Amino acid sequence: TGTLDIEVTIEDSVRISGLSDLVATFDGTNDIVHDDTPCIYRNGTGLYSIVALGDGGGGTDFSLGAGVTAIPYTVNWNDVATAGGGVPVTSGAPVENQTGADTSSTTCANTGPNSALQLTIAANDLLGAPTGLLQGTLSITVSPE
């Protein structure tokens with residue numbers, strides 16, 4: 001008979017998935033509103049924080065384009081999959097004490113989408129924009145708490 005010791009270390013783990021790109025054409029009247037319901041996985045307690053970072057301006061603010069033609073947008077985050085709710089997000093600032101992450105499936109197979117992101121580009125800001133394509137990237141980083 002022989003024996004061996006078994007030791008397993010489980011590190012904090014988080015994952016975000018299920019974000020979809022925003023592709024829109026301004027109709028000349030209405031705000032452009034993009035609602036998304038991603039999956040957040042978090043082992044352990046399920047508590048997490050997010051940091052949203054835009055690539056506008058100095059590489060950090062929420063805007064499309066550059067210079068005097070930069071068009072701002074706003075971001076809201078909700079820790080339940082309900083569009084339109086949640087809290088306003090500032091680029092680069094953490095939104096802490098978020099709950100509701102799936103703690104048993106990295107793909108949210110057990111809960112389905114469990115958070116909501118809303119991105120809004122105001123019609124008033126778009127009315128003065130030059131003709132053409134405006135582009136940007138919004139990065140969402142999830143961290144364990």
Side-chain angles (χ1 to χ4, degrees), residues 1-66 69-127 129 132-145:
T1 299
T3 62
L4 66 122
D5 293 331
I6 300 171
E7 293 182 11
V8 176
T9 301
I10 300 174
E11 301 289 335
D12 277 334
S13 180
V14 292
R15 179 179 183 215
I16 184 170
S17 60
L19 290 169
S20 60
D21 294 337
L22 165 60
V23 177
T25 300
F26 179 50
D27 65 9
T29 305
N30 298 298
D31 294 347
I32 294 174
V33 179
H34 177 71
D35 288 312
D36 213 345
T37 52
C39 163
I40 304 294
Y41 163 78
R42 165 75 165 100
N43 68 341
T45 66
L47 296 176
Y48 66 94
S49 65
I50 65 113
V51 173
L53 194 61
D55 68 344
T60 60
D61 70 352
F62 294 150
S63 66
L64 305 172
T69 61
I71 305 298
Y73 60 89
T74 60
V75 175
N76 275 31
W77 180 264
N78 199 346
D79 64 359
V80 295
T82 302
V87 296
V89 177
T90 301
S91 185
V95 179
E96 299 174 321
N97 299 314
Q98 300 301 288
T99 63
D102 192 316
T103 58
S104 59
S105 169
T106 60
T107 62
C108 292
N110 301 315
T111 62
N114 53 18
S115 59
L117 175 136
Q118 185 176 73
L119 187 151
T120 303
I121 309 167
N124 285 342
D125 293 324
L126 292 167
L127 287 171
L133 179 65
L134 295 171
Q135 294 179 303
T137 301
L138 175 64
S139 300
I140 309 291
T141 301
V142 181
S143 300
E145 283 192 355

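Computed from a prediction, not measured in an experiment: that's the story for all the values here.
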Chemist: Could you give the side-chain donor-acceptor pairs of residues 134-145 under 3.5 Å, partners two or more places apart or in another chain?
Modeler:
from	atom 1	to	atom 2	distance (Å)
E145	OE1	N97	N	3.0
E145	OE2	N97	N	3.0

Chemist: Supply the atom-to-atom distance D102 CG to I40 CD1, rounded to the nearest 0.5 angstrom.
Modeler: 10.5 Å

Chemist: So does L117 get a backbone contact from the side chain of D36, meaning a donor-acceptor N/O pair under 3.5 Å?
Modeler: no

Chemist: Please check: side-chain N/O of R15 versus main-chain N/O of T106, any donor-acceptor pairing under 3.5 Å?
Modeler: yes

Chemist: What heavy-atom pair brings A81 and P113 nearest, and what distance separates the two atoms?
Modeler: CB-O, 3.4 Å

Chemist: From I121 CD1 over to N30 CG, what is the distance, rounded to the nearest 0.5 angstrom?
Modeler: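 Taking CD1 in I121 and CG in N30, the distance rounds to 13.0 Å.
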
Chemist: Less than 4.5 Å apart, any side-chain heavy atom of D12 and any of R42?
Modeler: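 Answer yes - side chains close enough.
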
Chemist: Does the side chain of F26 reach to within under 4.5 Å of the side chain of L127, using non-hydrogen atoms?
Modeler: yes

Chemist: Return the minimal non-hydrogen interatomic distance between N76 and P88, and the atom names on each side.
Modeler: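 Taking N76 first and P88 second, the nearest heavy atoms are OD1-CA, 3.4 Å.
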
Chemist: More than 12 foreign heavy atoms under 6.0 Å from CG of D27: is that the case here?
Modeler: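 Yes, CG of D27 has more than 12 neighbouring heavy atoms, counting only those of other groups under 6.0 Å.
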
Chemist: Quick one: does N43's side chain have a donor or acceptor within less than 3.5 Å of a partner on S13's backbone?
Modeler: yes

Chemist: Looking at every heavy atom in both A24 and L22, which two are closest together, and how far apart are they?
Modeler: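 Here A24 and L22 meet closest at CB-CD1, 4.0 Å.
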
Chemist: For S91 and D61, test the side chains for any donor-to-acceptor distance below 3.5 angstrom and give the result as yes or no.
Modeler: no

Chemist: Is there a donor-acceptor pair under 3.5 Å between the side chain of D125 and the backbone N or O of I71?
Modeler: no

Chemist: Residues in ring pair (Phe, Tyr, Trp, His ring centres under 6.0 Å) with Y73, at least two apart?
Modeler: F62

Chemist: Is there side-chain contact between D79 and S115, with heavy atoms separated by less than 4.5 Å?
Modeler: no

Chemist: Please report the interatomic distance CG(L47) to OG1(T99), rounded to the nearest 0.5 Å.
Modeler: 7.0 Å

Chemist: Could you measure the distance from the OH atom of Y41 to the CG atom of N110? Nearest 0.5 Å is fine.
Modeler: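 Separation between the atoms: 11.0 Å.
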
Chemist: Quick one about D35 and T37 (side-chain donor to acceptor, distance below 3.5 Å, no hydrogens or angles considered), yes or no?
Modeler: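 The answer is no; no qualifying pair exists.
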
Chemist: List in chain and number order the residues that pass salt bridge (charged side-chain N to carboxylate O under 4.0 Å, His left out) with D31, two or more places apart in sequence or in another chain; answer none if no residue qualifies.
Modeler: none

